[in-house]
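In listed order, ligands and their atoms are each counted from 1. Computed from a prediction, not measured in an experiment: that's the story for all the values here.
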Amino acid sequence: MAETADRTSEKKSALQLHEAIQNGECSAVEVLDETFARIERDDAKIGGFLSLTKDLAYETAKAVDAKVKAGETLPLLAGVPIAVKDNINVSGYPTTCASKILEGYVSPYDATVTEKLRAHLMPIVGKTNLDEFAMGSSTENSAIQPTRNPWDLDRVPGGSSGGSAAVVSQGETLLSLGSDTGGSVRQPASLCGLVGMKPTYGLVSRYGLVAFGSSLDQISPFGRNVADTAGLLQVIAGFDRNDSTSITAKDTDYLAAVQKMAGKTLAGFKVGVISELNGQGMQAEVSEAFQNAVQTLRSLGAEVSEVAIPSISAAVAAYYIVATAEASSNLARFDGVRYGLRVERDDIYSTYCKTRGEGFGPEVKRRIMLGTFALSSGYYDAYYGKAQKARKLLAREFADAFAKVDVLICPTAPTTAFKIGEKANDPVSMYLSDISTIPVNLVGIPAISIPCGFDRQKLPIGLQILGRHCEEFRLLQVAQAFETASGLFNLTPSLN
Ligand code: GLN
């Protein structure tokens with residue numbers, strides 16, 4: 001085992017690992033053996049995985065090795081192990097959403113993204129921890145276990161996709177999938193020193209993702225560098241008739257777009273700093289790292305200016321109306337009859353109440369109540385109607401901004417990773433940690449978070465780049481140029 005460990009772990013990127021498997025330098029089964037050995041060694045302290053899908057993973061890895069032996073060309077990223085957030089269905093395996101209410105539930109079908117991972121022969125190794133039903137920013141709302149940040153085990157990995165972020169940061173896998181409704185992939189990417197990208201709304205099918213806020217949710221990739229993340233996005237993107245909000249994008253060869261940037265500057269790229277999110281009022285080191293990132297982009301030849309999006313001040317409030325309203329409706333299906341937990345009582349109404357009372361955790365209940373209230377007659381116009389108006393206004397301001405610049409930038413999160421428990425009893429301060437990421441979901445545009453520095457405690461800081469609808473390639477190109485210039489990629493926590 002020691003020898004195989006050396007052989008595959010020196011392949012730092014997912015794309016290199018894939019190439020090594022294709023060339024027969026190592027087998028997919030060997031890579032998987034090593035992956036599970038790492039998970040066994042490290043995950044007890046990280047708590048990233050809720051369950052493993054070993055049979056499925058080995059079945060896929062064997063199929064990869066058979067193809068290599070037969071001299072066939074493998075699909076993109078074949079053989080590279082991947083972790084999947086536990087609100088995405090993998091047929092025949094549990095989906096818990098880190099909630100007690102789904103105890104015992106086994107998914108009868110694959111999400112579209114799962115089918116795509118299978119078609120690309122990427123071994124799915126397990127399901128990762130999250131804030132219950134993806135509601136949170138720290139993964140502390142998981143009803144099952146906490147997840148720890150590999151950069152400092154006393155700190156949160158961010159959330160809600162904290163499990164998917166932590167396992168990639170720790171190097172248990174090189175890639176993972178999360179879901180991003182208001183920042184749940186970009187914020188943990190920032191706190192764990194990774195790349196995380198929320199695609200344009202509709203670019204990746206939501207079929208088989210347990211719905212939270214349907215008009216905001218997007219399945220999103222995590223990677224340790226821009227090219228790996230671009231490759232994974234390419235695997236999962238595409239029109240799907242099972243998702244009525246699915247779109248057809250023209251250029252989805254994201255990898256080619258990134259590779260085109262080799263040796264190139266950003267001359268001709270117009271970058272706008274969002275005035276309302278220019279680092280002021282944020283942790284001093286975050287602000288400092290952001291100003292340095294702006295300098296780096298300038299030195300790469302980008303033309304940088306400031307652009308105002310005034311309605312950003314209303315974004316968090318609008319989000320917590322829209323997201324909770326949609327969640328209250330989406331979560332009505334968990335009633336003790338159709339899925340998972342059932343707490344039997346004499347009559348059906350009491351069974352519903354008892355099941356939901358015992359099955360949902362406090363944050364989920366808070367959101368169902370908020371959302372139900374916001375949608376109730378008499379209050380609908382005052383809250384939901386108003387939130388939708390704020391959303392429209394925000395969309396208009398972003399459109400105006402993108403008429404002037406190609407991409408916008410801001411820090412991904414106002415702080416670096418906070419201590420476990422630090423914000424647990426202060427939901428509003430937790431909600432505010434998504435100030436930079438939430439506007440993106442409200443208007444459906446793509447955005448990526450990439451590492452841009454460290455604070456004094458050696459905790460990673462993220463830079464967010466936002467783009468026009470379906471211009472993922474442009475975001476990725478700016479991100480790639482920045483990554484090359486900064487040298488901040490494939491970061492390994494110093495604890496390891
Ligand atoms: N932290 C935000 C929330 O709690 C976003 C969550 C998400 O993107 N799933 O709703």
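Using cut-offs of 30° and 60° on the angle between ring planes, the pair Y109 and Y207 is tilted. Between Y384 and Y380, the ring planes are tilted. Angles from 30° to 60° get that label. In this structure, Y431 and Y320 have parallel ring planes: the angle between them is below the 30° cut-off, well short of the 60° mark.
The protein atom (non-hydrogen) at minimum distance from atom 1 (N) of ligand 1 is D434 OD2, 2.5 Å. From the protein, the heavy atom lying nearest to atom 7 (C) of ligand 1 is S184 OG, 2.4 Å.
Side-chain atoms of S215 and E326 form a donor-acceptor pair, as typed in the model, at a separation below 3.5 Å.
Ligand 1 is never approached by Y431 to a heavy-atom distance shorter than 4.0 Å. Remark: distances from the non-hydrogen atoms of Q187 to ligand 1 are all 4.0 Å or more. Remark: distances from the non-hydrogen atoms of S160 to ligand 1 include one below 4.0 Å.
When each atom of ligand 1 is checked for a heavy atom of R367 under 4.0 Å away, the hits are 3 (C), 4 (O), 10 (O). The atoms of ligand 1 that sit less than 4.0 Å from any heavy atom of F212 are 9 (N), 10 (O). If you number the atoms of ligand 1 from 1 as listed, the ones under 4.0 Å from a heavy atom of G182 come out as 5 (C), 7 (C), 8 (O). Applying the 4.0 Å criterion to heavy atoms of M135 picks out, from ligand 1, the atoms 4 (O). If you number the atoms of ligand 1 from 1 as listed, the ones under 4.0 Å from a heavy atom of Y319 come out as 2 (C), 3 (C), 5 (C), 6 (C), 10 (O).
Of the residues listed (R186, K198, Q187), the one engaging Q464 in a side chain to side chain donor-acceptor pair (under 3.5 Å) is R186, and it is the only one.
Geometrically, ligand 1 and K85 share no nitrogen or oxygen pair separated by less than 3.5 Å. Between A134 and ligand 1, at least one pair of N/O atoms sits closer than 3.5 Å. Checked by distance only, ligand 1 and D180 stay at 3.5 Å or farther apart across all their nitrogen or oxygen atoms. Polar contact with ligand 1: absent for G159 (N/O pair, distance under 3.5 Å). In terms of polar-atom proximity, defined here as any N/O pair under 3.5 Å, G136 does make such a contact with ligand 1.
Looking at E103 and T96, their side chains never come closer than 4.5 Å, going by heavy atoms from C-beta outward. For the pair L102 and F334, the minimum side-chain heavy-atom distance is below 4.5 Å.
For the atom pair CD1 (I274) and OG (S436), the distance works out to 7.5 Å, reported to the nearest 0.5 Å.
Remark: K127 fails to qualify as a cation-pi partner of Y93 under the 6.0 Å distance and 45° angle criteria applied to the six-membered ring.
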(request) Start with the C-alpha gap between Y254 and F473, add the side-chain angles, then the distance that decides, and say whether ring pair (Phe, Tyr, Trp, His ring centres under 6.0 Å) holds. (result) CA-CA 6 Å; Y254 302 119; F473 62 91; 7.9 Å; no
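Only the side chain of Y320 comes within 4.0 Å of ligand 1, judged by heavy-atom distances.
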